[in-house]
Amino acid sequence: MDDPYQNNINQPGETYPTYGEGGQYTYPYQTDFPPREEDDAASDATEGHDEDEQMYEGEYQGIPHPDEIKEARRAARREARAKARMAAEVEEETLPEQYESIMEDCGHGRFQWTLFTVLGLALMADGVECFVVSFALPSAEKDMCLSNADKGMLGLIVYVGMMIGAVVWGGLADKLGRRQCLLYALAINCIFSFLSCFAQSYGFFIFFRLCSGIGIGGSIPVVYTYFAEFLQIDKRGEHLSWLCLFWMLGGLYASFTAWGIIPHYGWGFSMGTEFQFHSWRVFVLVCFLPSVAALAGLVFMPESPRFLLESARHDEAWMVLRQVHDTNWRAKGEPERVFQVSQLKIPETQDDEFIEIQSETGTAFQRFMVRHLTLVKQVMKNMMSLAAPDLRLHSLFIAIVWFTMSFSYYGLGAWFPDQIKYLQFEEYETNVKTFHREKVERFHFNFTLQNQVHKEGEYIHDSFINIEIRNVKFEESLFENCYFEDIRSTETFFENCTLKNTVFYNTDLWKDSKFFNCKLENTTFLHPKKGCHLNFQEENDIVIYLVCFLGSLSVIPGNIVAGLLMDKIGRIKIIAASMLGSAVCTFFLLLCFSQWAVVLFQCLYFAASAAAWNGIEVITVELFPASKRATAFGVLNGTCKLAAIISTFIFGKFIGITKIIPIILSFSALVCGGLLAFKLPETREVILQ
């Protein structure tokens with residue numbers, strides 16, 4: 001049997017030499033494996049060495065340790081995970097950057113200017129709303145027999161409505177869309193403004209003005225958010241500042257139309273004594289025209305593409321961006337330029353999808369409740385998120401700046417006309433004519449009695465026919481066999497008088513409201529005038545319209561300066577310089593003792609404060625992310641209207657008492673807000689997040 005260790009390659013008869021000692025070929029090739037002694041020698045040579053010492057020898061030869069290989073693999077996995085996280089973060093941050101580059105590619109042109117005009121009209125409607133009640137109030141209080149408490153409530157109710165509207169529409173605009181919410185808000189304003197023109201009772205009128213204020217309250221937060229999302233970074237500050245001019249135009253429009261319409265008492269009609277449509281109602285009707293024009297123009301405008309991207313409606317966003325691109329370049333004479341964006345990045349919207357799935361189940365009522373309750377929860381959650389750690393401090397600082405600026409601006413805005421009226425009244429009081437113990441017998445009064453006091457007079461067989469009696473007081477006088485017919489009176493009273501055999505026919509000298517502690521003997525009141533339809537033309541002082549007109553006009557220089565410098569020196573410096581400059585103007589009001597001195601410093605104050613408003617509104621748009629932008633603006637604008645309510649109430653209490661407290665309060669608020677503005681971050685070169 002063959003040896004199993006024999007080499008099968010060898011041919012029979014062949015031998016191979018092997019090396020022996022001295023290098024001689026002394027031994028023939030053995031067909032066996034090496035002897036066992038060599039293997040044993042090798043084992044003896046490595047005996048006592050452990051595995052680590054063997055790996056050390058391998059490592060010495062360039063072979064890595066297995067533990068090092070495992071650690072290297074772990075490090076590679078950690079690095080891969082870190083890169084994945086960084087890639088995800090970059091993915092989230094590239095949406096604002098991509099959107100900004102798209103807007104730069106679309107350019108600034110016809111589309112933005114068209115939207116600028118439409119949204120400007122909406123902003124103009126807001127400016128008109130702030131003035132319409134104050135201009136109509138002197139006539140409305142006579143038309144509806146308003147008490148002082150009713151007048152105060154009517155003046156504040158507009159701000160209450162605007163405060164509610166700002167918060168509600170601002171919150172909804174981040175969930176339903178900027179354009180859609182603005183359409184709803186303007187439609188509500190148009191409907192209830194129109195209805196308020198015909199409301200004859202105080203209750204209906206104040207309700208309609210409240211609803212009108214709720215509608216127009218959404219214009220400021222939605223308009224600025226909407227327009228900012230169509231602007232590239234280098235155009236944003238300037239063009240948002242130009243947009244502020246429309247609010248000033250609203251004040252000019254209201255002042256000019258009030259000046260031209262309200263004093264013309266004959267511009268109206270009446271149906272008996274129950275339905276009156278006087279000139280002030282014509283004024284209110286004309287004042288809702290800017291809102292109608294804005295509503296009509298907004299129908300043809302698209303939704304904000306940035307909102308569409310936040311809502312995962314990227315196809316619609318792409319179409320809108322293409323529309324902006326093509327409209328601008330076609331107007332510039334380059335219609336061949338192609339919109340080259342093929343893919344848009346979108347954020348996660350899993351919550352919205354889950355809500356939509358749930359809202360498709362159940363009955364129609366259940367679906368309605370699920371959708372709207374969920375919408376309310378989303379809006380509230382969005383509002384609460386403004387207090388998140390990354391936004392909390394900035395939200396607090398900007399809210400204080402909003403509040404202090406509004407407290408001073410709206411408070412002084414209401415104080416200036418009232419102070420001028422008080423100075424007029426003081427001047428008027430110095431010209432009072434006093435008649436003591438006069439005796440007039442068988443005389444026919446056919447001329448106006450004005451600014452007079454009659455004490456202990458006697459009027460016998462006298463007639464007062466078709467005349468006006470303004471600011472006249474009869475004290476301890478005797479009227480015997482007198483006849484009053486077609487009398488129109490203003491601030492006219494009879495105190496401690498005796499009236500014998502006297503007739504009042506078709507007059508507004510009412511027994512219960514014009515006669516105090518009087519003795520009426522055989523005195524009759526025939527066909528008294530119902531309501532408070534007095535002499536409106538004399539009650540509306542044209543000087544007040546002129547003052548408001550000049551105040552609105554003085555805003556133009558501040559707006560121009562803000563528009564030119566907003567992107568050059570930054571938002572923070574604009575806000576701080578404007579508020580501190582306004583504080584200086586406020587302080588000098590202490591030196592005003594005449595009507596025209598008050599008018600002069602009113603114009604200086606409004607001119608100085610205009611730039612601050614521009615800066616505050618621009619930085620508010622830029623400070624918050626797209627998903628919270630309109631919500632934050634709405635909450636801050638609601639804070640603004642709250643400050644307006646507080647300041648107008650406080651300042652009104654000191655008219656005729658002292659002017660020091662309103663001035664000191666305004667000065668302190670402006671200084672506080674101006675200094676705090678330096679704590680806000682500069683957003684001049686920040687991409688909208």
Side-chain angles (χ1 to χ4, degrees), residues 123 126-127 130-131 159 220 224 237 240-252 255 398-417 419 547-566 569-590 592 597-620 636-637 639-641 643-644 646-648 651 662-678 680:
L123 205 58
D126 183 271
C130 292
F131 290 95
Y159 289 122
I220 288 183
Y224 282 99
L240 286 175
S241 297
W242 297 139
L243 189 65
C244 296
L245 282 169
F246 279 93
W247 199 92
M248 173 271 301
L249 291 177
L252 291 177
S255 304
I398 192 66
I400 295 174
V401 173
W402 269 93
F403 187 91
T404 53
M405 185 66 202
S406 303
F407 183 88
S408 174
Y409 186 88
Y410 287 100
L412 288 180
W415 182 83
F416 284 129
Q419 182 67 14
V547 167
C548 294
F549 183 85
L550 293 176
S552 299
L553 198 63
S554 64
V555 174
I556 293 179
N559 274 284
I560 293 175
V561 170
L564 295 176
L565 299 181
M566 189 66 70
I569 68 174
R571 290 76 163 119
I572 303 304
K573 293 180 180 178
I574 288 283
I575 296 172
S578 179
M579 293 186 73
L580 295 177
S582 302
V584 174
C585 295
T586 302
F587 185 77
F588 281 104
L589 286 172
L590 292 170
C592 297
V598 174
V599 172
L600 173 63
F601 278 96
Q602 174 199 17
C603 294
L604 291 176
Y605 171 78
F606 284 151
S609 61
W613 278 120
N614 292 15
I616 289 171
E617 285 157 349
V618 171
I619 199 173
T620 302
L636 293 172
N637 195 249
T639 304
C640 161
K641 296 304 184 289
I646 296 173
S647 61
T648 52
F651 287 21
I663 292 174
I664 294 299
L665 289 175
S666 297
F667 178 82
S668 303
L670 289 169
V671 171
C672 176
L675 295 177
L676 190 63
F678 287 108
L680 295 172

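All values reported here derive from a predicted model rather than from experimental measurement. The first residue of the sequence shown is numbered 1, and numbering continues consecutively from there.
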Once you round to the nearest 0.5 Å, how far does OG of S406 lie from CG of N637?
7.5 Å

Can you find a heavy atom in the side chain of L252 that is under 4.5 Å from one in the side chain of L249?
yes

Partners passing side chain to side chain donor-acceptor pair (under 3.5 Å) against Q602 (at least two apart in sequence or in another chain):
none

Apply side chain to side chain donor-acceptor pair (under 3.5 Å) to Y605 and list each qualifying residue two or more places apart in sequence or on a separate chain.
S408

Taking only residues two or more places apart in sequence, or in another chain, which ones meet Y224 in a side chain to side chain donor-acceptor pair (under 3.5 Å)?
E617

Backbone N or O of G551 within a donor-acceptor pair of the S554 side chain at under 3.5 Å?
yes

Of all heavy-atom pairs between A643 and F407, which one has the smallest distance, and what is that distance?
CB-N, 3.7 Å

So how far is it from I572 CD1 to L680 CG, rounded to the nearest 0.5 Å?
4.5 Å

First locate atom CG of D126, then atom CD1 of I220, and finally report the distance between them rounded to the nearest 0.5 Å.
4.0 Å

Once you measure the plane-to-plane angle for W613 and Y409, does it fall in the parallel (<30°), tilted (30-60°) or perpendicular (>60°) bin?
perpendicular

Residue pairs passing the side chain to side chain donor-acceptor pair (under 3.5 Å) test where at least one lies in residues 573-583, sequence neighbours excluded:
none

Can you check side chain to side chain contact (heavy atoms under 4.5 Å, CB included) on N614 and I574, steps first, answer last?
CA-CA 8 Å; N614 292 15; I574 288 283; 5.7 Å; no

What I'd like to find out is whether the side chain of L123 reaches to under 4.5 Å of the side chain of L245, using heavy atoms alone.
no

What one should report as the nearest heavy-atom pair of V671 and A583 is CG2-CB, 3.8 Å

Non-hydrogen atoms of F651 and L665 that approach each other most closely
CE1-CD1, 4.1 Å

Please give me the minimum heavy-atom distance between I616 and I619, naming the atom from each residue.
O-CG2, 3.3 Å

Looking at Y410 and K641, what are the two nearest heavy atoms and their distance?
OH-NZ, 3.9 Å

Quick one: OG1 on T404 to CG on L670, what's the gap to the nearest 0.5 Å?
7.0 Å

Does CZ in F549 sit with more than 12 non-hydrogen atoms of other residues, nucleotides or ligands closer than 6.0 Å?
yes

Interatomic distance, L600 atom CG to C585 atom SG [nearest 0.5 angstrom]:
9.5 Å

Can you pull the salt bridge (Lys or Arg N to Asp or Glu O under 4.0 Å) pairs that have at least one residue in residues 663-676, sequence neighbours excluded?
none

Measure the shortest side-chain to side-chain distance between S647 and W415 over non-hydrogen atoms and say whether it is less than 4.5 angstrom.
no

Test item: M579 and V401 side chains (from C-beta on) under 4.5 Å apart, heavy atoms
yes

Rounded to the nearest 0.5 Å, how far apart are CD1 of I560 and CH2 of W242?
6.0 Å

What pair of heavy atoms forms the shortest contact from S666 to L412, and how long is it?
OG-CG, 3.5 Å

Name the one of L590, V584, L589 that satisfies side chain to side chain contact (heavy atoms under 4.5 Å, CB included) with F587?
L590

Who are the side chain to side chain donor-acceptor pair (under 3.5 Å) partners of T620, not counting sequence neighbours?
W402

